[in-house]
Each structure stands twice: as C-alpha cells, then as structure tokens.
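The structure appears right after this line, and notes come after that.
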There are 2 protein chains.
Amino acid sequence: MKPKRPAGIQQAGAQPVTLRDVAQAAGVHTATASRALNPKARQLVNAETVRRVVRAAETLGYQPNPIARSLKTSKSATVGLVLPDLTNPLFPPIVRGIENVLEAAGYSALIVNTDNDPDRERALIESLRSRQVEGLIVATARLEHPLLRQLQEQDVKIVLINRRIENLQMPFVVGDDATGIALAVKHLVDLGHTRIAHIAGPQITSTGLDRSRAFRHAVRDYGAAEDPALIVECAHWSEGDGAGAMRELLDRGSGCTAVVAGNDLIALGCYDVFAERGISCPEDISVVGFNDMPFLDKLRPPLTTLGVPHHELGAEAARMLLDCIEEPQRHPRSLLLPVSLVVRDSTAPPRT
Amino acid sequence: MKPKRPAGIQQAGAQPVTLRDVAQAAGVHTATASRALNPKARQLVNAETVRRVVRAAETLGYQPNPIARSLKTSKSATVGLVLPDLTNPLFPPIVRGIENVLEAAGYSALIVNTDNDPDRERALIESLRSRQVEGLIVATARLEHPLLRQLQEQDVKIVLINRRIENLQMPFVVGDDATGIALAVKHLVDLGHTRIAHIAGPQITSTGLDRSRAFRHAVRDYGAAEDPALIVECAHWSEGDGAGAMRELLDRGSGCTAVVAGNDLIALGCYDVFAERGISCPEDISVVGFNDMPFLDKLRPPLTTLGVPHHELGAEAARMLLDCIEEPQRHPRSLLLPVSLVVRDSTAPPRT
DNA sequence: TTGTACGCGTTATCAG
DNA sequence: CTGATAACGCGTACAA
C-alpha cells in the first residue's frame, strides 16, 4: 500500500527511473536487468532478454545512478586535478586536454587550486580522496615533495604533469625543457649574442632546475659567456619575481644583451622593467620566454618563446592515469613531449 | 570467521575507516556515532558520548564516505559548471570565484566546456545530471535557450552567469553592461570623438544585445553620430570575428575615429587589422575593449577597457546557487555587478 | 538519550 | 541463463 511511485505520473517532477523500474517493465529481475545493461556482463544473458531490457530502459529513459554504482564498486569515475592556480594561462589548455580524454572514458575531473600553499594542498588532496577520486593528476610537484611520496606509498595513483619529482618512480608528462632552452640559446647565439642572461624559475621545481641546467650546458656548447653573474633565480614563476630579477641583472651591470626567461610570465616581468627604465626590446635587450601562452603575439613587442603542446600534455597525462587505474600492475611510463621555438620580434641581433 | 578487517593492520594499504569502526571504538552504535558526528543531530546525543565518538573518529582518522551519504540523502554536494570554453581568459577568474565559495560550503564543481555546440551542451548537461549535481551554473546562455527553459521546468536549480535569458525568471549574475558601455562612450566623447563605431558581439546573447543597445543610447545621450554604418555585428566573441568586422568598418568608409568593441577579444581583432593595414592606434583610431582580461596592459598599445569583477561574479553566482539549493522556495534574485573604466593607451583624442 | 531496523540503487555471488 | 539475496556506508524513522 502507499505505492512509492504513483502510476501514470511519468513526466515533469518525475522521480528518476531506477533499475527496478526497468526490470519490472521488462518482466525480469533487477539482477538480470543490471547484467543486460552492463556491457561487461551482457554476454551472460540471453540475447532476446537483453533486447527487452534495453528497450524498456530506453522507453523509460533510464539513467543509471552513478552514486549507487560507486558505492557498490568503490569506483567513482572521477579523478582529481591538482593545480597551483587555474588563472595561470598555462593551465586552461592542459585542463581541456585532460577533460577531452576523461570525457571519452566516462570520467570527470575535480579541479583544485593550491596557490602553492602546502597546507592547502594537503587539505585539498584529502578532500579529493574523501570524494573517492580514483587517481590524481598533479601539476604542483616540487623536487622534494614528501606529501606525494607518502601518497604513492598508499598506492594512490598519480601522474605528474609539467613537473617531475627527483629520485622517485612516478609517471610524468613534461615538455622537453632541455631541448627548448638549447633551441633558445642557439637562436640567440646565431643572432650574434655572446652575453646571454638567464632568469631561472624556482629551483625547487624540476622545470626551474632542468631549464637552468640546460642553460648552463647550452651556453658552453654554443660558446656564449659562462658567467655566474648572468644567472638570477626567481622564487616564483611570476611577473613580479621576473621583474625583480631583471632589475638585479641590470643593477649588477651584467652587461647582457639577451635574456632567456624561465617562462613567459617572467619574460613579462622583464617587459615591465624595460618600460620602467626606458630600455627598448629587442634593440637593447632581446628576450625569450617559455610556454607560448595565449596572446603573446599581441605584446609589445611580440614575444619569442618556446611552444609547448599543452593540450597534448594534458591528454597524455589523462591517458596515462587511466592506464594506471585499469592496469595497476603496469610499469610506470613517462613522456617527454617536443617543444618548438616560436620566433617573434623580441629577439634581434645585439647593438653593434 | 574470516574477519573482513584484520586486526592490527591500520596503516599503509589500509581499508578506509568507516562509521562502524568509529562506533565500535567508541563503544556505541553506528546510529549514535552518526548523530554525534552530524552537527545537525548532535544535540540529540549526550555531550559526553559526543566527545568519545569525536575522539575516536579523530584518532582513527575517520573520513565520512560522501558517496554513501549521497546515496542516502540524494545530495551530491556537487554542482555543474557549464562554460563555452575554459581557455577563454574570461573564465578562469570566474571559476576560482565559484570554487572559493563552493569549497567553503563543502561543495565541488564539475566543469564542462560546450564549445558553443548545442548538441554537446545537451549531452554534457545530461551527464552532469546523471552525476546527480544539485544545481547548475551556466555561462552559455543565449537569449533563446529552449534547453534551459526545459530544465527549469524540471525544477533543476540554475544560476546564469555573465548572460541572461529573455522573458524568463531565472536568477543571474552579470556585469553592468549598459553602464560600462556608457562609460566608454562618454570617455571617447570627452576625448573629442564624434564618429564612434561599435563592433557588437553576437546579438543572440544578452551580453551582445545589451551592450549594443546601450551603445545606441549612449551615442544619442552624449551627442555622437547616430549612423547605422557605424555598427557591425560579430557572429562570435572571437578575435577572428572582430578582425572581420573591423575590416568591414574600414572598407565601407565609415570614417570612424574610435571603436567600442563588444569585448577584449574583439578589440584584439581590431589590433590585428591595424597591423595589417598600417593603421596606428590610438593616433588614427582609438579602441575600447570590455572585460579587462589579464595582460591587456602589456599589449601594443595597452588596451583601454572595462573592468568586470570576475572573481566576485563567480562567487556571487555560487552563493546564489547554494541559496537556491538550501531554500528552494526563495524568490529568485539577480545581481548586477558594477564595472569600471580602465583607461590605458589605446584611447586618445582624434587627429585634428 | 540510545539502539533497532530499514532503505537509498546498484552489483556480486550464490543457487537453481 | 536467471532469480534470490546480500552488501556497499550512511542516515533516519521508530521503538526502547
């Protein structure tokens, strides 16, 4: 008595149709209906029955309840995406690459922004885990990262993107930083520069460290000046820090005619200082960025930089994570994606 | 026999600790533990018992399983966020504003990108709903939007952001487009311009329509030329469409000395055409954008535009949606957030 | 104030 | 091949 689902009411404020409704309509047991609808178990059931069930499901507009399914299977079809800050123009294309792949596999991403705050990071990852994410794509890795080590020990599936961790077997997808920097330095040397400076990103990130190492190698290989006074480090990948470093380079009289910036944001900081001090680019100083974030071609002057396939970076990371989830035993792979030099107007021969 | 949870194993590959574990450790029934941990029901249980349970929960590191809770309460603590495209620089700050508010309330956002494709939009919203989102924040609204109307009839909670729907009571949070455009036109008139053009965004969006209406009013109010040849419409909010419109304005000999662009992207398209044709800005033509997206100050020339409080837009929309969820009966409010003119170097007096 | 019993919607494991 | 039954972890009437 008191039927939960009044007959004849199917539309509007309708209660969602459940597997039981479908089973009932098809005249089978819920278990059978479940099997008939589940591709992986469909083979266990009579083809004719499958047809009946599928038709019933269609006419009723049945939508499986993923929450109930998750509870039973303890799979959430969800992964966590841990970013420093979504408003950094680097990340939106990565996110779209990730979601493209995830979407096709029926997965969704939960995005969190750590603002580079370790406490916040810990709390956010905690909350992600409590939401039963099946894995993590992490873009906040530092070379030393106890939290991530610890998660790995707890068998949390993790793929690193854009940054590696030192001395730890954890799959990652990054751009080929070393080759990129070499390309930049060669470009400047070919233009005739000999005193080339480097404004390095934070050396606690692999991206920062790899790029500055590559810079040192490249100036040696291509015969430019190897002068420690030509290298400054930033504490953050930001415009402000880039500006600070550029000022220092100028103030210490480094005599550089070109700058390889750790990334585009840092290069923008250089632009700010040029404006401050009436330095013209590229006539006085050439600049190369890294990442080719959007709208760089509209700057004054358009910025020469290194193009990184961000969308693909994201897509590959997502694929890799799905692999880890499906085949937990598989040996962790990593990927180095090629970068390319994008020459614009911020680089030119030095003043003679 | 065969205890599911081998005693003594608590760390590493540990099974997640459940409410039962907590109850057991505290020597109470799960129901009591549940109540003790639930702020809304805590009052029903002895203060001392609460303490015991809470302590047990803490020492065991108990994390409620949100999936099980969702199944029971049919609340997912999740909302859907429907965007055209996350890589449009307009959206990341909005997203962060939304997530800030959501996070504090224990909610998460599931983000989807429609790429302005209605079929894709329908499918994505479907998938969002099947994931039991409790509401939607939608940034893809068009003035006519049957899908959204239909969802509203099904009592789906929706808050519109950045765009309205015509003739439909649906809460929205938008910038004050009309005032913004008036500010821009006044600024140009004050500078001495009389032939001011408008490159309008798509008129199927409220943002496009409201801005072009406001433009017509403003030129009248401030005494600038009211010439239909000074208005061109774009099919999309894109750089390419902006460029096309600018070319048309030039080719039809409109004689404009200033352009009010529908948004920053369209203004960027104008810049492209200026470069193509050797027109200098602001000397030959002044340009005003809309939105103040990041890095506009680095353009050649830095773009005068209208600052919209994107972060707040997002935050308010999220708050509004949470209100709708908590008090379904509440009358739908809407919000118009103030915008401000950001004067940079792309506007100057006309050539005399 | 606390315990009992049940159900949310689904899938897995049994029998039959 | 299909049906019955139990269980995932939690919240909540209801009874004690």
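Just so it is clear: chains get the letters A, B, ... in the order the sequence lines come, proteins before strands, and each one is counted from 1.
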In chain order, what residues pass the side-chain hydrogen bond (donor to acceptor under 3.5 Å, both in side chains) check against E121(B), with sequence neighbours excluded?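 For E121(B), the residues satisfying side-chain hydrogen bond (donor to acceptor under 3.5 Å, both in side chains) (neighbours in sequence not counted) are T140(B), H145(B).
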With a 4.0 Å cut-off on heavy atoms, is S70(A) in touch with a base, just the backbone sugar-phosphate, or nothing at all?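 S70(A): no heavy atom of the nucleic acid under 4.0 Å.
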Which donor-acceptor pairs under 3.5 Å do side chains of residues 25-40 of chain B form with protein atoms, sequence neighbours excluded?
unit_1 : atom_1 : unit_2 : atom_2 : d
H29(B) : ND1    : A31(B) : N      : 3.1
N38(B) : OD1    : K40(B) : N      : 2.9

Taking atom types as modelled, find out whether S108(B) and R131(A) have a side-chain donor-acceptor pair closer than 3.5 angstrom.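 There is such a pair between these side chains.
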What's the separation between atom [atom1] in [X] and atom [atom2] in [Y], rounded to the nearest 0.5 Å?
X	Y	atom1	atom2	result
L81(B)	L102(B)	CG	CG	9.0 Å
R164(A)	N162(A)	CZ	CG	11.5 Å
T78(B)	Q132(B)	OG1	CD	9.5 Å

What residues form a side chain to side chain contact (heavy atoms under 4.5 Å, CB included) with S130(A), not counting sequence neighbours?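 Expected list: Q63(B).
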Whole-Å distance separating the [atom1] atom of [X] from the [atom2] atom of [N]:
X	N	atom1	atom2	value
I67(A)	dC10(D)	CD1	C1'	13 Å
Q24(A)	dT2(D)	CD	P	18 Å
L44(A)	dG3(D)	CG	C1'	14 Å
K40(B)	dC10(D)	NZ	P	18 Å
E48(A)	dT2(D)	CD	C1'	14 Å
Q43(B)	dT1(C)	CD	P	10 Å
Q132(A)	dG9(D)	CD	C1'	10 Å
K75(A)	dC8(D)	NZ	P	17 Å

Let me have a per-nucleotide readout for nucleotides 10-16 of chain C, 5' to 3', with B, S or -, counting only protein heavy atoms under 4.0 Å. BBBB---
Dot-bracket for DNA chain D, please, read 5' to 3', with Watson-Crick or G-U wobble pairs under 3.5 Å on both distances, ( ) within the strand, [ ] crossing, | other strand, . unpaired. ||||||||||||||||
I'd like to know if R129(B) pairs up with E126(B) as an ion pair, taking the criterion as any Lys NZ or Arg NE/NH1/NH2 lying under 4.0 Å from an Asp or Glu carboxylate oxygen.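 Result for this pair is no, no salt bridge flagged.
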Distance-only criterion, 3.5 Å: show the donor-acceptor pairs between side-chain atoms of residues 314-323 of chain B and protein atoms not counting sequence neighbours.
unit_1  : atom_1 : unit_2  : atom_2 : d
D323(B) : OD2    : R333(B) : NH2    : 3.0

